[in-house]
Amino acid sequence: MANPNKKIVQPKELPRRGTHSQVVAVNGGTLVFIAGMTSRSEVDAHPVYPGDMRAQVRQVCENLGRALRSVGGEFSDIVKTTIFTTDVEEFRKANEVRYEYFKADYPTGALIGVKRLAHPDLMVEIEAMAVIPADRLKPVG
């Protein structure tokens, strides 16, 4: 479902990008910050799918979805992501997995190549900022 608080802006002075939005304007809602999600198991937090970028991206997105749902959010509420990967070229090949979760109105974002993540088996980490509409926000605390 589209987020009424989120507006994608395409500046005339910048080329359109198919991978992310260049500007997202937000009006209302609650700003939620989601820590970097990795391909750790939701059962015991051990890294899963070592060496398989596609499977890791899918697990990261599943974990991101769990975090969003805990506050009443969904992927359409995400306004910015920062993606860290140990292999930018391999991530680009697996990037279409991300579009199974991010359907339209893409968030702004950054892709950053790093030497290593918190565990040697981890290949990708995604942190996010979301704006949750008041009518869907789950009480916290």
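Values reported hereafter were calculated over all heavy atoms of this structure, with side chains retained and with hydrogens, waters and symmetry mates removed. Just so it is clear, the model here is predicted, and its values are computed rather than measured.
A salt bridge (Lys or Arg N to Asp or Glu O under 4.0 Å) check over residues 48-60, counting only residues at least two apart or in different chains, returns the pairs R54-E96, R58-E100.
Side-chain contact annotation: Q59 with S39, donor-acceptor N/O pair under 3.5 Å absent.
From T81, atom OG1 reaches atom CE of M129 across 9.0 Å, with rounding to the nearest 0.5 Å. Rounded to the nearest 0.5 Å, atoms CE (M123) and OG1 (T85) are 6.5 Å apart. The CG atom of L111 lies 5.5 Å from the CZ atom of R92; values are rounded to the nearest 0.5 Å. Atom-to-atom distance recorded for K103:NZ and E74:CD is 12.0 Å, nearest 0.5 angstrom. Atom OG1 of T108 is separated from atom NZ of K80 by 5.5 Å, given to the nearest 0.5 angstrom. If you take OG on S70 and CD1 on I34, they are separated by 7.5 Å, rounding to the nearest 0.5 Å.
Other members of the hydrophobic cluster containing I112, listed by chain and number, are F84, V114, L117, L122; membership follows side-chain contacts under 4.5 Å among ILVMFWY residues, whether direct or relayed.
Nearest heavy-atom pair, P133 versus D77, reported as atom, atom and distance to 0.1 Å: CD-OD1, 3.7 Å. The heavy-atom pair separating M53 from D87 by the smallest distance is CE-O, 3.8 Å. Across all non-hydrogen atoms, the minimal contact from A67 to M37 is CB-CE, 4.4 Å. The two atoms that bring G113 and V88 nearest to each other are CA-CG2, 3.7 Å, heavy atoms only. The shortest heavy-atom contact between L64 and A128 is CD1-CB, 4.0 Å. Of all heavy-atom pairs spanning A55 and Y49, the tightest one is CB-CG, 3.4 Å.
Salt-bridge check for K7 with D105: failed, with every basic side-chain N at 4.0 Å or more from each acidic carboxylate O.
Residues K6 and V79 form a side-chain contact, since some pair of their non-hydrogen atoms from C-beta on lies under 4.5 Å apart. Two residues are said to be in side-chain contact when any heavy atoms from C-beta on lie closer than 4.5 Å; V32 and I132 meet this criterion. Using a 4.5 Å heavy-atom cutoff, the side chains of C61 and V97 are not in contact. I83 has its side chain within reach of R98: a pair of non-hydrogen atoms, C-beta onward, lies under 4.5 Å apart.
Between Y101 and F75, the ring planes lie tilted relative to each other; the angle falls in the 30° to 60° range.
Residues satisfying the salt bridge (charged side-chain N to carboxylate O under 4.0 Å, His left out) criterion with E125, sequence neighbours excluded, are absent altogether.
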Self-check item: Test side-chain hydrogen bond (donor to acceptor under 3.5 Å, both in side chains) applied to N63 and R66, step by step
Solution: CA-CA 5 Å; N63 290 341; R66 288 178 182 92; 2.8 Å; yes
